[in-house]
J.: 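Take this structure first; my questions come after.
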Amino acid sequence: MANPFHLPPQVNTALSLLEAAGFEAFLVGGAVRDQLLGLGAGKDWDIATSARPWEIANVFVSSRVIRTGWKHGTVTVLLDGMPLEITTYRTGGPGPAGFAGSLEEDLAHRDFTINAMAYHPRTGLVDLYGGQEDLVCGMVRCVGNPDQRFQEDGLRLLRGLRFAAIFRMQLAPDTAMAIHRNRALLQAVAPERIHSEWTRLLCGPDAEHVLRIFADVAAVSIPELAPMFGFEQHNPHHDKDIWEHTLAVLSAVPPDPVLRWAALFHDIGKPQCFSCSEDGTGHFYGHGTLSAQLADAILTRLRCDTASRTRIVTLVRRHDTPILPEPKPVCRLLNQLGPEGVRQLIELHKADTIGQSILCRDRLEQYRQAEAVLDELLRKKACFSRKDLAIHGKDLTALGLHGKAVGTALQTCLEAVLDGRVSNERNALLAFLLSDPLHFPPSSI
Ligand code: ATP
Ligand code: MG
C-alpha cells in the first residue's frame, strides 16, 4: 500500500532537530489519524517527544517558541510560519508530575484508539491499541477501560460523539455504554470546552444520527433539550415529534456552526407554548420568541462568543416569520440581517419545511424564489444600508445639518428608499429631504 503520510517539511525538520539533540520525537494524535484517513494536511501538527519543555526550547533556540502550556509540557514552535505543538511525553497526570518516560505511556493516556497512534517517517506507524483497524471499520473506541477514561476527563464523552459525527463512525459498544452510564460527568466540564465540542459535533455529517442515539447525553449539557424528546405536535403540518423534527432540520441546513446551532434551538420553546384547539389541533403560538430567549440563555451559559450568539438567536427568533419573495421585504431583511444573515434565514426556512410533513413541500418554491430575489438585489447592488445611499454625510453638512441631525436624515432617506417612496438617486434624495419639514423646517430654507 502507498504510504499515506505526507508531512510538511517543517514537521520533518522538527523531528530531525529533536533527534539530533538526542531525544525521541514522533508525530501523534489527530494529524496521524487524519493522514491515515486520507484527509490531507490538517491544521494542527502535534509532536510528542522525550525532551522536557526547557530542552525543547533549547533545541529550537533560533525559532520563535511560545510557552503554550509550559507546566504541562506543551510548547508551540513556529517553523517557517507553521505552528507545531511539541509536547513532552505525558501520563495524563497534572503538571510536571505527569511527564511520562516513554512513548508507550504517552499513547496510553490518549482518549481513543484512533487518536492514540504515533508516526515517524523512518520507523513508520506505532499503533499499540488497534487504532488503524478501528479507523478502517469506523469505530471510536476508548484506549483501555472506558469508565476510567471518562472519569479522568468528562469532555471525552463529547469528543467521542464528535468524532462519530464528523467521521460518520460508530461508538464501539463498550465505549457507547460507558458514555450513557457516565453522562453526568459532563456537568463538571468547563462550559467553553462543552461549547467547542458541541459546535464541531453539530457540523458533522452524522450529527443527526449521533444526537438521536445519545439524546440522554446531549440533555446533560443542555437540559432544555429534554422536553422536546417525544413531544407530539398534533398538527397536520407535522408528522414528527419536536425532537425528530429538530434533528431533520439540523441535517437539512448546511454544516455551518451558526445555522446548525439555530436549527438545534429553533423549536426549543415549543413544548412550553403548546395549546390545543377544540378540534384537537396542536398550536405553539409565540414559540419563536421563547425559543430565542432559551437559545440566548443557553449560549450565554456555554460562553459562546457574542457575535455568533446574536446571529443564532436572531435566526431562531425569525424562523417562523414568512419571507415574501419580493424585492421590498427582502431589502428590509437585508437591512436588518445583512446578506449572509438573509441567506442563512432562507436556508433555515427551507430546512424547517423539509422537516415538516409532505403537505408543506410547496413552500420550498417560495424560498427558492426568495433566494432568486436576494441574488438579483445583490447583483444589482440594491440599496439596503446607509452606506449604499446615493447621498452621504458631507452632502447634508453642506446643506447645514450637523451632528445627530445628519444621521437622522440619512436614516429617513434609507427608510424611504426601502419603502420605495423615493429612488436611490442623489437629486431625488436631496429633493425628498428638502421637502421634509422635519429635517428642513420652512424657516430654515
Ligand atoms: P482535531 O482534529 O480536532 O484537532 P485532535 O484529535 O487532534 O482532533 P486535539 O484537541 O488537537 O484533538 O488533541 C490532539 C491529541 O491529543 C488527540 O488526538 C488525543 O490523542 C489527545 N487528546 C486531546 N484531548 C484529549 C483528552 N481530553 N483526553 C485524552 N486525550 C486527548
Ligand atoms: Mg488536533
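Whatever order the structure lists ligands and atoms in, that order sets their numbers, starting from 1.
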J.: Would you check whether Ala116 has a nitrogen or oxygen atom less than 3.5 angstrom from a nitrogen or oxygen atom of ligand 1?
T.: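 No, Ala116 has no N/O under 3.5 Å of an N/O on ligand 1.
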J.: Please identify which atoms of ligand 1 are closer than 4.0 Å to at least one heavy atom of Asp46.
T.: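 Those atoms are 11 (O), 14 (C).
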J.: Counting only heavy atoms from other residues, nucleotides and ligands, does the tally under 6.0 Å from CD of Gln170 exceed 12?
T.: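 No, CD of Gln170 has 12 or fewer neighbouring heavy atoms, counting only those of other groups under 6.0 Å.
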J.: Just by distance, with hydrogens left out, do Arg317 and Gln293 show a side-chain donor and acceptor under 3.5 Å apart?
T.: no
J.: What atoms of ligand 1 come within less than 4.0 Å of a heavy atom belonging to His109?
T.: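 Under 4.0 Å from His109, ligand 1 has these atoms: 29 (C).
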J.: Need the atom name: nearest N/O/S atom of Asp44 to the Mg ion (ligand 2).
T.: OD1
J.: Suppose I only count heavy atoms of Asp153 and a 4.0 Å limit; which atoms of ligand 1 are within that range?
T.: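 Ligand 1 atoms under the 4.0 Å threshold to Asp153: 26 (C), 27 (N).
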J.: Select one of side chain, backbone, both or neither to describe which atoms of Leu155 lie under 4.0 Å from any atom of ligand 1, heavy atoms only.
T.: neither
J.: Does the side chain of Tyr367 pick up a donor-acceptor pair with the side chain of Glu347 at under 3.5 Å?
T.: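 There is no such pair (donor and acceptor under 3.5 Å, judged by atom type) between the side chains of Tyr367 and Glu347.
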J.: Taking only heavy atoms of Arg200, which atoms of ligand 1 are found under 4.0 Å from at least one of them?
T.: 1 (P), 2 (O), 3 (O)
J.: Judged on heavy-atom distance to atom 30 (N) of ligand 1, which of Val32, Val143, Asp111 sits nearest?
T.: Asp111
J.: Need the ligand 1 atom indices (1-based, order shown) with element for anything under 4.0 Å from a heavy-atom of Arg162.
T.: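 Listed by number with element: 1 (P), 3 (O), 8 (O).
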J.: Is Asp216 paired with Arg183 through a side-chain N to carboxylate O contact shorter than 4.0 Å?
T.: yes
